[in-house]
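Numbering of residues begins at 1 and proceeds along the displayed sequence. Being a predicted model, the structure only gives us computed values, none of them experimental. Side chains are part of it too, since the values below use all heavy atoms of this structure and drop only hydrogens, waters and symmetry mates.
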Amino acid sequence: MDLKNVIYTGSKDKSIYNCFEQQIMTLCYFFYNEYWKLFIENSITCTKEERRYIDEIIEFNTNISIMATKYYGIQCEPIPCDSELTFDKDQIYFIIMNLQDYPYTQKIEEEGEHCFLIYGKSHDGYLVNDVYYNVTDFTFDVEQYEKAKKSVYRVIVQPDFKPLSDYKNQVIQKLKCNYYDEIEKVRKIVKEKELYDYHSSLLFDRVQLIYSFIKKDVLLVENNYMVEPYMKVCLNILDEVANNIKKVWFSLIKSQLKYETIPRDKIEDKFEEISRYLEVEKRVKNEIIQLLLAKDSLKERLEQQLLEYLEVDKVDDTRSIYEDHEGLAVMLLINYWEEKNENVELDYILYKELQTYGQYKLVTYENILRGGM
């Protein structure tokens with residue numbers, strides 16, 4: 001099968017997707033023109049078992065190989081590493097290779113492995129698709145390949161695989177798994193047990209994975225329910241939450257370089273900051289669920305509150321608010337929304353350039369969800 005010029009659409013940010021994920025994503029995109037279901041069961045949990053280090057109590061579940069089989073019928077079957085690679089049946093191979101043996105990673109000093117796909121052979125060598133390095137027809141010398149330390153897998157697509165017709169329930173279940181609750185448990189354990197020791201690289205990885213998981217959650221909804229303008233607002237806020245987590249990640253690395261060992265008060269501050277952002281994540285995910293279920297959403301409440309305020313049964317979103325109110329009188333509507341929504345503080349400046357009821361509702365909606373973030 002020709003993987004030349006096959007590069008999946010969407011972000012290729014290496015801080016969101018590692019090389020293993022990117023190759024699996026490429027396979028799913030090649031066979032099904034999508035890959036979002038790979039992340040439908042991602043979860044973060046705070047383990048209850050005794051641990052010595054902060055990073056050890058934060059556990060992540062990805063199981064991307066299992067997801068590829070479950071949701072796309074794609075399996076990677078291990079074969080002997082010295083097997084001859086044949087392509088008479090358009091075979092694709094998933095390769096995990098020692099960094100020092102792969103041309104694009106030979107200059108990386110630390111130990112590790114890199115993943116890529118082989119899909120054919122020319123007179124010069126094996127043809128490689130490696131989206132991580134943005135190449136789809138790199139030629140890997142056969143002799144160099146054979147000498148390399150590696151694991152080899154044959155890609156198999158189940159011929160009788162049938163995807164579900166609808167994944168709405170799976171998406172809702174995924175969104176119910178917010179990360180705020182688990183990080184709050186982590187914060188509690190850290191304080192109660194004075195658990196301030198950490199492996200620096202692993203701690204940074206854990207924070208980076210929170211950022212990555214939120215970005216993948218955005219991907220799930222974006223690929224299914226992006227038409228609704230209120231949904232777009234939710235996704236923009238989630239994206240902002242993720243970017244704020246990324247800033248904390250870099251800030252922790254900076255503190256490590258500055259102090260060699262991050263002081264406990266700095267660790268507490270950073271986890272409190274993460275939790276504050278994730279509180280918004282939880283609120284927004286709950287709202288997305290209500291939008292998908294079409295009941296009890298903030299959107300519905302704001303619409304109903306507007307009708308009550310105007311004492312009408314219906315209002316056109318395109319109607320100018322200034323047809324019913326003069327000048328600063330619109331502040332009364334803003335005050336009304338504040339009172340009806342847990343005394344949230346709404347800044348009038350945000351409304352100054354707006355004209356319609358629809359615009360007013362959308363800005364109010366966004367600011368209540370953001371919660372001053």
*Looking only at heavy atoms, what is the nearest atom pair of Phe20 and Ser65, with distance?*
CZ-OG, 3.2 Å

*When you check the side-chain N and O atoms of Gln359 and Asp317, is any donor under 3.5 Å from an acceptor?*
no

_Asp239 vs Lys232, salt bridge (charged side-chain N to carboxylate O under 4.0 Å, His left out): CA-CA, chis, key distance, verdict_ = CA-CA 10 Å; Asp239 206 53; Lys232 290 181 181 179; over 6 Å; no

*asked:* When you measure from the side chain of Ser320 to the backbone of Thr356, do you find a donor-acceptor pair of N or O atoms at a distance under 3.5 Å?
replied: no

*Thr136 to Tyr119 - nearest heavy-atom pair and separation*: O-OH, 2.7 Å

*If every non-hydrogen atom of Arg370 is compared with every non-hydrogen atom of Val280, which pair is closest and at what distance?*
O-CG2, 3.6 Å

_Test item: Tyr225 side-chain N/O and Glu222 main-chain N/O as donor-acceptor pair under 3.5 Å_ = no

*Gap separating the SG atom of Cys76 from the OH atom of Tyr153, nearest 0.5 angstrom*: 8.5 Å

*Describe, in one word, how the ring planes of Tyr336 and Tyr309 are oriented to each other, choosing from parallel (under 30°), tilted (30 to 60°) and perpendicular (over 60°).*
tilted

*asked:* Do Leu38 and Cys28 make a side-chain contact, defined as non-hydrogen atoms from C-beta onward lying under 4.5 Å apart?
replied: yes

*Roughly how far apart are Lys340 NZ and Ile368 CD1, rounded to 0.5 Å?*
12.5 Å

*Going from OG1 on Thr9 to CE on Met25, what distance comes out if it is rounded to the nearest 0.5 angstrom?*
9.0 Å

*Checking salt bridge (Lys or Arg N to Asp or Glu O under 4.0 Å) against Lys361, which of Glu303, Glu300, Glu366 comes through?*
Glu303

*If we ignore angles and hydrogens, is there a donor and acceptor under 3.5 Å between the side chains of Thr69 and Gln75?*
no

_Using side-chain heavy atoms (C-beta onward) and a distance below 4.5 Å, is Glu41 in contact with Lys70?_
yes

_Donor-acceptor contact present, side-chain Arg264 to main-chain Tyr196, <3.5 Å_ = no

*Under 4.5 Å between side-chain heavy atoms, hopping through other hydrophobics if needed: is there a path connecting Ile54 to Phe60?*
yes

*asked:* For a side chain to side chain donor-acceptor pair (under 3.5 Å) check, start with the C-alpha distance between Gln144 and Tyr126, then their side-chain angles and the critical distance, and finish with the verdict.
replied: CA-CA 10 Å; Gln144 187 179 358; Tyr126 291 126; over 6 Å; no

*Check for a donor-acceptor pair, side chain of Lys215 on one end and backbone N or O of Asn243 on the other, with a separation under 3.5 Å.*
no

*Same apolar cluster (I L V M F W Y, side chains within < 4.5 Å links), Ile349/Val344*: no

*If you take all heavy atoms of Cys115 and Ile96, which pair is closest and at what distance?*
SG-CG1, 3.8 Å

*Answer yes if Phe250 and Ile210 sit in the same cluster of Ile, Leu, Val, Met, Phe, Trp and Tyr residues linked by side chain heavy atoms under 4.5 Å apart, and no otherwise.*
yes

_side chain to side chain donor-acceptor pair (under 3.5 Å) for Tyr17 and Ser11? Distances and angles first, verdict last._
CA-CA 9 Å; Tyr17 309 108; Ser11 173; 5.8 Å; no

*Under the 6.0 Å and 45° cation-pi test, does Lys282 pair with Tyr179?*
no

*If the plane angle is over 60° it's perpendicular, under 30° parallel, otherwise tilted; pick one for Phe116 and Phe140.*
tilted

*Look at the side-chain heavy atoms of Ile, Leu, Val, Met, Phe, Trp and Tyr, link any pair under 4.5 Å apart, and say whether Leu350 and Leu354 land in one connected group.*
yes

*Got Ile92 and Leu3 here, is their nearest side-chain heavy-atom distance under 4.5 Å?*
yes

*Could you check Lys247 against Glu273 for salt bridge (charged side-chain N to carboxylate O under 4.0 Å, His left out), going step by step and ending with a plain yes or no?*
CA-CA 10 Å; Lys247 291 176 184 177; Glu273 187 176 354; over 6 Å; no

*Could you walk me through whether Glu279 and Arg276 pass the salt bridge (charged side-chain N to carboxylate O under 4.0 Å, His left out) check?*
CA-CA 5 Å; Glu279 188 174 9; Arg276 190 166 67 249; over 6 Å; no

*Let me know which of Val190, Thr261, Leu252 forms a side chain to side chain contact (heavy atoms under 4.5 Å, CB included) with Tyr198.*
Thr261

*Short question: side chain of Glu338, backbone of Leu346 - any donor-acceptor pair under 3.5 Å?*
yes

*Looking at NZ of Lys174 and CG of Asn42, how far apart are the two atoms once the value is rounded to the nearest 0.5 Å?*
5.5 Å

*Could you please spell out the steps behind the salt bridge (charged side-chain N to carboxylate O under 4.0 Å, His left out) verdict for Lys285 and Asp217?*
CA-CA 9 Å; Lys285 282 185 176 178; Asp217 291 339; 2.8 Å; yes

*Criterion side chain to side chain donor-acceptor pair (under 3.5 Å) against Tyr365, the qualifying member of Glu287, Lys299, Arg301*: Glu287

*Report the relative orientation of the aromatic rings in Tyr104 and Tyr133; use parallel for angles under 30°, tilted for 30 to 60°, perpendicular for over 60°.*
parallel

_Any non-hydrogen side-chain atom of Met97 less than 4.5 Å from a side-chain atom of Lys149?_
no

*Do Ile16 and Lys216 come close enough that some side-chain heavy atom pair is under 4.5 Å?*
yes

*Between Lys12 and Gln22, what is the shortest heavy-atom contact and its length?*
O-NE2, 3.4 Å

*Have Asp130 and Gln23 got a donor and an acceptor in their side chains that come within less than 3.5 Å?*
yes

_Test item: Asn18 side-chain N/O and Glu21 main-chain N/O as donor-acceptor pair under 3.5 Å_ = yes

_If you apply the rule side chain to side chain contact (heavy atoms under 4.5 Å, CB included), what do you find for Tyr357 with Thr318, and how did you get there?_
CA-CA 7 Å; Tyr357 281 109; Thr318 63; over 6 Å; no

*Asn236 and Val233, any side-chain heavy atoms less than 4.5 Å apart*: no

*asked:* Could you check whether any side-chain heavy atom of Ile288 comes within less than 4.5 Å of a side-chain heavy atom of Tyr230, counting everything from C-beta outward?
replied: no

*Heavy-atom check, side chain of Phe94 versus side chain of Ile24, under 4.5 Å*: yes

_Hydrophobic cluster membership, Leu202 vs Ile183, 4.5 Å side-chain cutoff_ = no

*Who pairs with Glu182 by side chain to side chain donor-acceptor pair (under 3.5 Å), at least two apart in sequence or on another chain?*
Lys185

_Results of side chain to side chain donor-acceptor pair (under 3.5 Å) for His325 - residues two or more places apart only_ = none

*Looking only at atom types and distance, does a side-chain atom of Lys168 sit under 3.5 Å from a main-chain N or O of Leu292, one as donor and one as acceptor?*
yes

*asked:* Please verify the inter-ring angle class for His199 with Tyr53; under 30° counts as parallel, over 60° as perpendicular, anything in between as tilted.
replied: tilted

*asked:* Under a 3.5 Å distance rule, please check whether Ser83 uses its side chain to pair with a backbone N or O of Ile79 as donor and acceptor.
replied: no

*On the ring face of Tyr259, is Lys266 found with NZ or CZ under 6.0 Å from the centre and within 45° of the axis?*
no

_Exercise: identify the closest heavy-atom pair between Arg154 and Gln91_ = CG-NE2, 2.9 Å

_Ring-plane angle category for Tyr72 and Tyr32, please: parallel below 30°, perpendicular beyond 60°, tilted otherwise._
tilted

*Would you please say whether a donor-acceptor pair under 3.5 Å links the side chains of Ser15 and Asp13?*
yes

